[in-house]
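Read the structure below first, then the notes.
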Amino acid sequence: KTKTLANPSMTVEKISNNVKVEIGREVSLDIIVRNTGKYDITGLYVIEDYYSKGLKYDYYVDQTNSWKYKASENRWDYTKTLGVGQSAKFTVFFLTTKLGVQFNTVTAGNNQTNKTVKSTNKTNVTKKKPKNDTPDKNRTKKPKHKVHKHPKVRDRNATGNPLYALILVL
């Protein structure tokens with residue numbers, strides 16, 4: 001009798017929540033692992049393989065409390081079983097320290113197979129826009145919509161104050 005071994009299949013996706021960010025600001029990236037196979041996955045992990053020198057890892061957020069971080073390995077371990085068709089997500093946060101396009105790559109795997117999947121993301125870090133907290137008093141802000149001006153019409157046949165005339169009549 002031949003025994004078929006479970007061969008799990010999965011994907012990993014790294015989505016930038018802000019693909020363009022000013023230098024010195026934080027960029028957040030969602031890491032989503034999906035079970036696309038026919039078997040449950042155990043021993044799931046994600047490793048931060050590479051990130052540009054212009055990104056400095058800060059922290060992560062796990063709203064499901066299902067990921068444990070090992071700082072010495074830049075590795076997150078999923079503490080549950082990922083069922084067929086399910087996905088697991090956490091968000092990583094980096095500080096931006098260098099201008100230009102910054103890259104970030106993760107690898108996901110599991111303890112059932114040596115097969116891993118990768119996802120690379122890029123973030124464009126731009127210069128800070130100058131703050132202009134004090135408005136220029138010599139300039140009028142232009143409205144965003146078209147302004148229609150109506151000329152004042154003067155009635156040349158007006159006869160003075162009508163209230164005064166009414167009081168005289170009474």
Side-chain angles (χ1 to χ4, degrees), residues 1-133 135 141-146:
K1 186 174 182 179
T2 306
K3 185 177 180 182
T4 305
L5 296 175
N7 189 7
S9 182
M10 64 184 190
T11 61
V12 64
E13 189 174 15
K14 192 166 202 175
I15 302 169
S16 180
N17 294 312
N18 37 351
V19 292
K20 188 175 182 182
V21 65
E22 292 178 357
I23 192 165
R25 301 275 184 183
E26 198 171 68
V27 61
S28 67
L29 303 117
D30 290 337
I31 299 173
I32 305 167
V33 181
R34 287 185 181 83
N35 182 345
T36 57
K38 298 178 182 178
Y39 305 97
D40 291 348
I41 297 176
T42 59
L44 178 64
Y45 63 88
V46 173
I47 297 173
E48 268 299 341
D49 284 339
Y50 169 81
Y51 48 92
S52 300
K53 291 181 181 177
L55 297 174
K56 181 182 176 193
Y57 175 75
D58 198 15
Y59 63 98
Y60 80 102
V61 172
D62 170 18
Q63 294 182 346
T64 62
N65 216 14
S66 302
W67 294 92
K68 299 296 177 208
Y69 181 58
K70 292 181 183 175
S72 62
E73 300 176 36
N74 271 350
R75 176 181 166 137
W76 290 265
D77 289 309
Y78 190 64
T79 60
K80 299 178 179 179
T81 298
L82 191 62
V84 174
Q86 291 182 338
S87 62
K89 172 186 141 183
F90 63 97
T91 305
V92 292
F93 293 82
F94 289 86
L95 296 175
T96 57
T97 62
K98 187 177 177 185
L99 293 174
V101 177
Q102 306 299 317
F103 292 92
N104 187 298
T105 302
V106 294
T107 297
N110 59 73
N111 66 1
Q112 295 166 278
T113 177
N114 290 332
K115 185 177 167 185
T116 60
V117 289
K118 286 186 180 272
S119 180
T120 299
N121 178 275
K122 63 182 180 177
T123 302
N124 186 15
V125 180
T126 62
K127 290 182 181 179
K128 285 186 179 182
K129 294 178 183 173
K131 283 189 175 182
N132 190 3
D133 293 339
K141 289 185 179 180
K142 291 183 179 180
K144 292 180 182 178
H145 59 280
K146 187 174 180 180

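Position 1 is the first residue of the sequence, and the numbers go up from there.
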Taking side chain as C-beta onward, heavy atoms only, is [X] less than 4.5 Å from [Y]?
X    : Y    : value
E48  : Y69  : no
M10  : L44  : yes
V84  : D40  : yes
Q102 : T96  : no
T123 : V19  : no
Y50  : T107 : no
V92  : L29  : yes

To the nearest 0.5 angstrom, please state how far the [atom1] atom of [X] sits from the [atom2] atom of [Y].
X    : Y   : atom1 : atom2 : result
R25  : N18 : CZ    : CG    : 11.0 Å
L82  : N35 : CG    : CG    : 5.0 Å
S119 : D49 : OG    : CG    : 10.5 Å
R34  : K89 : CZ    : NZ    : 10.5 Å
K68  : D77 : NZ    : CG    : 10.5 Å
D30  : E13 : CG    : CD    : 9.5 Å

* Test of ring centre spacing under 6.0 Å for F90 and W76 ->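 Here the rings of W76 and F90 have centres that are less than 6.0 Å from each other.
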* Measure centre to centre between the rings of Y51 and F94, then say whether the value is under 6.0 Å. =>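 So the answer is yes for these two rings.
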* When you measure from the side chain of S52 to the backbone N and O of F103, does any donor-acceptor pair fall under 3.5 Å? ->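 Checked: pair present.
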* Under 3.5 Å: donor-acceptor pair, side chain of T79, backbone of S66 ->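 Yes, because the side chain of T79 sits within donor-acceptor range (under 3.5 Å) of the backbone of S66.
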Taking all atoms of both residues into account, what is the closest heavy-atom pair of [X] and [Y], and its distance?
X    : Y    : value
E26  : D58  : OE2-OD2, 3.5 Å
Q112 : P8   : CB-CG, 3.9 Å
I23  : L99  : CD1-N, 3.8 Å
T116 : G109 : CG2-CA, 4.1 Å
V46  : A108 : CG2-CB, 4.1 Å
N110 : Y45  : N-CE2, 3.3 Å

* To do: Evaluate side chain to side chain contact (heavy atoms under 4.5 Å, CB included) for T11 paired with V117, printing each intermediate quantity in order.
  => CA-CA 6 Å; T11 61; V117 289; 5.5 Å; no
* To do: Starting from the C-alpha separation in whole Å, work towards a yes-or-no answer on side-chain hydrogen bond (donor to acceptor under 3.5 Å, both in side chains) for N17 and S28.
  => CA-CA 6 Å; N17 294 312; S28 67; 3.0 Å; yes
